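Here the structure is laid out as structure tokens; the discussion comes afterwards.
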There are 2 protein chains.
Amino acid sequence: MAPTRTPSTPVDRELMRGAGPTAVLKLLERGEMYGYELVEAIDKRTDGILAMGQSTLYPLLYNMEAKGLLASRWSEENARPRKYYRLTAAGRKRLAADSLQWRAVAQAMGSLGVVYALS
Amino acid sequence: MAPTRTPSTPVDRELMRGAGPTAVLKLLERGEMYGYELVEAIDKRTDGILAMGQSTLYPLLYNMEAKGLLASRWSEENARPRKYYRLTAAGRKRLAADSLQWRAVAQAMGSLGVVYALS
DNA sequence: ACGCATACTATGCGTGACAAAGTATGCTGT
DNA sequence: ACAGCATACTTTGTCACGCATAGTATGCGT
């Protein structure tokens, strides 16, 4: 039996707009993944906190690809049709920038006393 | 001479929607403040990271008041007209909830390796 | 071969972030 | 006194994202 996961309530995504793109970039840093796989991976890796539905993730992927942050390819013939995404150079750059932004925000929230300071 | 402050570039607020309300709630936790004062306080307290313009903050205040999170009063007669805001009970409740959300997000970002874990 | 889980696409609404432009008040120096 | 500037608030309009809903298509298990 797999260790029981007790999923947290997802954050109000309206509150945390922009967490999605960063999560996607981070997961794709290791290698290519397809949409549906990302939906589940984000859910599991963040214990449900950043979980998002397909109707949020897919448009996000299209958007990021249009911006040149991601590139995609379809799976081979006579395999299940899946669209695999990978980071572009611009995507890596963006990930680095976004990570800095998150650090800054965490710091700002810390200085307001909303969250504890980073270690 | 006051210690020099080197303001950080504000975060892309589109990326971090929702940071504003939390910052406002947190600052009003201590006592009432008026709009313009909040604009500057947020800027200074977060070293420019969460800085937002008047056209962002004022509508935000109206909105939060409409939601019952804040209450306001005008300054006394023959004083400069200022609208002072204070937390309502609902506002305090919301602040507590939002703080938990931020903790969760920070944790999620940590588990993805975007930011370091909280101390 | 049938049904279900997988996997992707498209549409439409609500809402927050923000630039820009406008209005009004009081302090400060001369 | 009064001109000029910083203070202080309001309004309008645009854009982009989050997401619910609905729809389509493919392949695997039995």
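First the proteins, then the strands, lettered A, B, ... as listed; each starts at 1. Predicted model, so just to flag it, every value in this text is computed and none were measured.
Using a 4.0 Å cutoff on non-hydrogen atoms, the parts of residues 53-63 of chain A near DNA chain C are A:Q54, A:S55, A:Y58, A:Y62, ordered by number. Using a 4.0 Å cut-off on heavy atoms, none of the residues of residues 84-100 of chain A approach DNA chain C. Within residues 22-37 of chain B, the residues that place at least one heavy atom under 4.0 Å from DNA chain D are, in residue-number order, B:Y34, B:G35, B:Y36.
For B:S72, the side-chain contact (heavy atoms from CB on, under 4.5 Å) partners two or more places apart in sequence, or in a different chain, are B:E65, B:K83, B:Y85. Contacts of A:K67 classified as side-chain contact (heavy atoms from CB on, under 4.5 Å), with partners at least two apart in sequence or in another chain: A:N63, A:L69. For A:E29, the side-chain contact (heavy atoms from CB on, under 4.5 Å) test picks out A:K26, A:L87, A:R92, A:L95, with sequence neighbours left out.
Inter-residue side-chain proximity for A:Y36 and A:Y58 is flagged as met; some heavy-atom pair is nearer than 4.5 Å. Using a 4.5 Å cut-off on side-chain heavy atoms (C-beta onward), B:V115 and A:V105 make no contact. Contact check for A:M109 versus B:L50: side-chain heavy atoms found under the 4.5 Å cut-off. The closest side-chain heavy-atom distance from A:L25 to A:L70 is below 4.5 Å.
Contact detail for A:A90 and A:G68: the closest heavy-atom pair is CB-O, 3.6 Å. The two residues A:M33 and A:A41 have their closest heavy-atom pair at CE-CB, 3.6 Å.
Close to C:dT15, at under 4.0 Å from its OP1 or OP2, lies no side-chain N or O of B:K67.
In terms of position along DNA chain D, the nucleotide closest to A:M52 lies nearer the 5' end than the nucleotide closest to the other residue of the pair A:R80 and A:M52.
When the nucleotides D:dG27, D:dT10, C:dC18 are ranked by their closest atom to the side chain of B:W74, D:dT10 comes out on top.
With a cut-off of 3.5 Å on both Watson-Crick or G-U wobble distances, the partner of D:dA20 is given as C:dT11.
To the nearest angstrom, C1' of D:dC9 lies 16 Å from CZ of B:R73. The nearest whole Å value for the distance from the NZ atom in B:K83 to the C1' atom in C:dA24 is 15 Å.
Atoms CG and CD1, on B:D47 and B:I42 in that order, are 14.0 Å from each other to the nearest 0.5 Å.
Between the side chain of B:T88 and the backbone N or O of B:A71, no donor-acceptor pair lies under 3.5 Å.
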